[in-house]
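Scope of the values below: all heavy atoms of this structure, side chains included, with no hydrogens, waters or symmetry mates. Chain A is the first sequence line, chain B the second, and so forth, proteins listed ahead of strands; every chain is numbered from 1.
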Protein chains: 2
Amino acid sequence: MNTSYPEPARFPVTVDVVALTVSAGALQVLLITRLIEPFKGSMALPGGFVLPGEGLIEAATRELAEEAGVAEQPGYLEQLQSYGPKGRDPRGDVLTVAHLLLAPNFPVIAAGSDAASAGWYPVKDVLAGEYSLAFDHAEILSDAVERARSKLEYSPLGAAFCTPEFTIAQLRAVYDAVWDTKLDPRNFHRKATGTPGFLEDTGKMSTGEAGRPAALFRLAPQAHTTRAACAHAVLNPPLMRPAALTGQD
Amino acid sequence: MNTSYPEPARFPVTVDVVALTVSAGALQVLLITRLIEPFKGSMALPGGFVLPGEGLIEAATRELAEEAGVAEQPGYLEQLQSYGPKGRDPRGDVLTVAHLLLAPNFPVIAAGSDAASAGWYPVKDVLAGEYSLAFDHAEILSDAVERARSKLEYSPLGAAFCTPEFTIAQLRAVYDAVWDTKLDPRNFHRKATGTPGFLEDTGKMSTGEAGRPAALFRLAPQAHTTRAACAHAVLNPPLMRPAALTGQD
DNA sequence: TCAAAAGTGTTCCACATACACCCATGA
DNA sequence: TCATGGGTGTATGTGGAACACTTTTGA
């Protein structure tokens with residue numbers, strides 16, 4: 001740590017949030033339309049400058065509230081990665097710390113103070129380049145999606161996409177959407193319910209749907225990652241995604 | 001991204017490097033002794049302020065050179081995580097971006113401009129609190145070690161701890177040191193050589209040691225993560241560490 | 001009665017584990 | 001010739017993949 005004064009350089013620091021949800025059977029990302037330069041009119045991840053005396057998660061939470069109208073943190077939020085000061089903002093060196101939010105579908109307000117049209121967009125289309133993203137947000141989104149995909153393998157965070165009580169089929173729909181697979185319902189059921197420390201039976205049943213009613217589950221207490229505390233719960237053995245999807249071999 | 005001027009706050013940004021290596025059968029971390037306040041006299045991770053116009057990896061590489069006398073990057077370097085401006089430096093808000101370096105044992109110079117006694121220390125002892133670390137470096141080290149441990153499972157980065165050509169036994173010694181295990185030599189041999197896209201036989205043999213000479217291997221071209229390019233090579237199926245070591249269950 | 005979805009049982013096979021055994025070197 | 005470590009073969013067990021089959025609802 002070099003403190004041989006002269007004064008160290010100072011940088012503006014932003015937080016960006018890749019908020020992901022599953023709806024309509026697909027992984028969706030929260031994007032806003034920029035109302036100001038640079039990249040006015042482009043889509044972008046919600047985010048903004050860190051204020052003095054703020055922590056990173058704190059800043060990310062605040063920006064989410066400001067730009068998407070989210071009253072309280074609707075899911076699981078963790079730091080993703082930093083992208084760094086050189087060459088990513090036409091105004092100069094800006095460091096951004098990207099975050100990942102996994103949440104059940106929540107409503108977003110139409111407009112905030114400096115962003116409009118917050119809304120959900122299918123990740124598949126966004127990554128395919130159908131919308132032009134500001135800054136290096138396309139790269140950030142791509143990294144975030146890969147992180148989310150691998151998180152589902154070895155952590156109970158798939159449940160972060162579900163409401164507090166959910167059926168196995170709803171959880172499986174999350175995995176299918178995030179991994180873009182069609183997992184076998186029977187094997188998934190056995191694996192999910194058989195993994196110790198993952199799910200807890202509420203005793204209640206779903207109703208109203210076609211077919212036989214399904215048991216409702218919640219996250220087991222020891223896996224409670226939604227509230228920040230212990231985000232380190234691990235599924236052992238992991239729920240492996242089919243090898244074809246890990247990007248090689 | 002909130003650019004509703006007033007000017008955004010600016011923060012000093014540092015990079016810290018958790019440089020890990022394996023020697024004497026144990027995982028070791030590179031620490032320096034601080035010559036200046038704050039935490040004068042404490043041990044710390046090498047690191048320092050990011051300069052204008054620098055990228056993060058660039059800054060980490062430079063600091064490693066300055067504080068440990070490393071001419072060129074001796075191994076695999078990747079970003080670990082950022083630790084947030086609030087409450088980690090007595091001088092005020094400082095954001096640090098921690099990095100992880102996995103490298104074969106390399107010599108470090110005794111002193112730099114603002115750090116002395118750069119040297120390798122057993123991770124086990126450091127995590128046990130035998131040395132007092134500056135700032136939140138103990139937390140950073142702990143996160144780094146956990147990252148390194150899981151990296152070995154699903155990536156070919158164990159080889160980053162080895163010289164360019166190595167025997168299976170040397171590679172196994174890396175896994176044993178990082179995971180604090182004693183893997184079965186025979187099964188490890190089969191698994192390592194049998195994993196497609198991991199190792200490549202050089203045709204050469206080791207000599208001089210006791211026992212039968214061992215074949216020398218190198219990282220397969222498609223797994224070349226040492227040169228930054230494709231750090232995303234994946235071992236499939238992974239080399240699982242014994243369940244007892246994942247910290248639960 | 002039929003379609004649809006939940007949930008169980010069973011078979012098959014890949015692979016991790018454990019370990020017997022042989023090979024090639026230095027002392 | 002013995003000790004040491006390299007490397008192969010093989011039996012056993014666990015768990016994932018595939019799928020037949022039963023259960024329980026809505027239409």
Side-chain angles (χ1 to χ4, degrees), chain A residues 25 152-154 158 162 165-176 179 181-217 234-246 249, chain B residues 25 152-154 158 162 165-176 179 181-217 234-246 249:
Chain A
L152 293 212
E153 282 197 322
Y154 56 85
C162 296
E165 298 192 343
F166 51 87
T167 66
I168 300 295
Q170 289 167 344
L171 184 62
R172 178 167 45 80
V174 165
Y175 279 78
D176 278 344
W179 286 348
T181 49
K182 293 234 188 302
L183 297 175
D184 184 293
R186 292 136 324 170
N187 291 332
F188 182 85
H189 186 280
R190 202 191 344 259
K191 178 76 179 167
T193 54
T195 298
F198 186 13
L199 299 179
E200 197 178 60
D201 198 331
T202 63
K204 288 184 267 183
M205 304 292 278
S206 69
T207 92
E209 321 279 309
R212 174 175 167 180
L216 284 169
F217 290 84
V234 171
L235 297 190
N236 200 320
L239 254 159
M240 302 287 275
R241 51 180 154 166
L245 305 173
T246 53
D249 198 3
Chain B
L152 293 211
E153 282 197 322
Y154 56 85
C162 297
E165 299 192 344
F166 51 87
T167 66
I168 300 297
Q170 289 168 344
L171 184 61
R172 177 167 45 81
V174 165
Y175 280 77
D176 278 344
W179 286 348
T181 49
K182 291 233 190 301
L183 298 175
D184 185 294
R186 289 123 351 158
N187 292 331
F188 182 85
H189 187 281
R190 203 192 342 262
K191 178 74 180 168
T193 55
T195 298
F198 187 14
L199 299 180
E200 197 178 60
D201 199 331
T202 62
K204 289 184 267 182
M205 304 292 277
S206 69
T207 93
E209 320 278 309
R212 175 176 166 179
L216 284 169
F217 291 83
V234 172
L235 297 190
N236 200 321
L239 254 159
M240 301 287 275
R241 51 180 154 167
L245 305 173
T246 54
D249 191 17

Practice item. Going 5' to 3' through nucleotides 20-27 of chain D, assign each nucleotide B (protein heavy atom under 4.0 Å from a base atom), S (under 4.0 Å only from sugar-phosphate atoms) or - (no protein heavy atom that close). Key: BB-BBBS-

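- For the pair A/Tyr175 OH and D/dG16 P, the computed distance is 13 Å after rounding to whole Å.
- Summarising the geometry, the separation between CG on B/Leu199 and P on D/dG6 is reported as 15 Å, rounded to the nearest angstrom.
- One distance of note links CZ of A/Arg172 with OG1 of A/Thr167; it measures 8.5 Å at 0.5 Å rounding.
- Look at B/Lys191 and you'll find a side-chain N or O under 4.0 angstrom from OP1 or OP2 of C/dA16.
- Contact annotation: A/His189 reaches the phosphate of C/dG7 (side-chain N/O to OP1 or OP2, under 4.0 Å).
- Regarding B/Leu171, its CG atom lies at a distance of 12 Å from the P atom of D/dG6, rounded to whole Å.
- Distance CG (A/Asp176) to C1' (C/dA5): 14 Å, rounded to an integer number of Å.
- For A/Met205 and C/dA5, the CE to C1' distance is 12 Å, given to the nearest whole Å.
- Residues B/Pro213 and B/Ser206 come closest through the heavy atom pair CB-O, 3.2 Å.
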**Study point:** CA sep, side-chain torsions, deciding dist, call: B/Gln170, B/Val174, side chain to side chain contact (heavy atoms under 4.5 Å, CB included)
**Key:** CA-CA 7 Å; B/Gln170 289 168 344; B/Val174 165; over 6 Å; no

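- For A/Ala169, whose side chain is taken as the heavy atoms from C-beta onward, the closest listed nucleotide among C/dG7, D/dA17, C/dA6 is C/dA6.
- Residues A/Thr202 and A/Leu216 approach most closely at OG1-O, 2.7 Å, considering heavy atoms.
- Between B/Arg190 and B/Asn187, the shortest heavy-atom contact is NH2-OD1, 3.0 Å.
- Between B/Arg172 and B/Asn187, the residue whose closest nucleotide on DNA chain D is further toward the 5' end is B/Arg172.
- The distance from atom CD1 of A/Ile168 to atom P of C/dT8 is 10 Å, rounded to the nearest whole Å.
- In this structure, NZ of B/Lys204 is placed 19 Å from C1' of D/dG6, rounded to the nearest angstrom.
- Residues A/Tyr175 and A/Thr181 share a closest heavy-atom pair of O-OG1, 3.8 Å.
- Counting atom types as modelled, A/Arg190 pairs no side-chain N or O with a base atom of D/dG16 as donor and acceptor under 3.5 Å.
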Practice item. Test side chain to side chain contact (heavy atoms under 4.5 Å, CB included) on B/Phe188 and B/Asp176 and set out the steps. Key: CA-CA 11 Å; B/Phe188 182 85; B/Asp176 278 344; over 6 Å; no

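- Going from atom CG of B/Leu183 over to atom C1' of C/dC19 covers 16 Å, rounded to whole Å.
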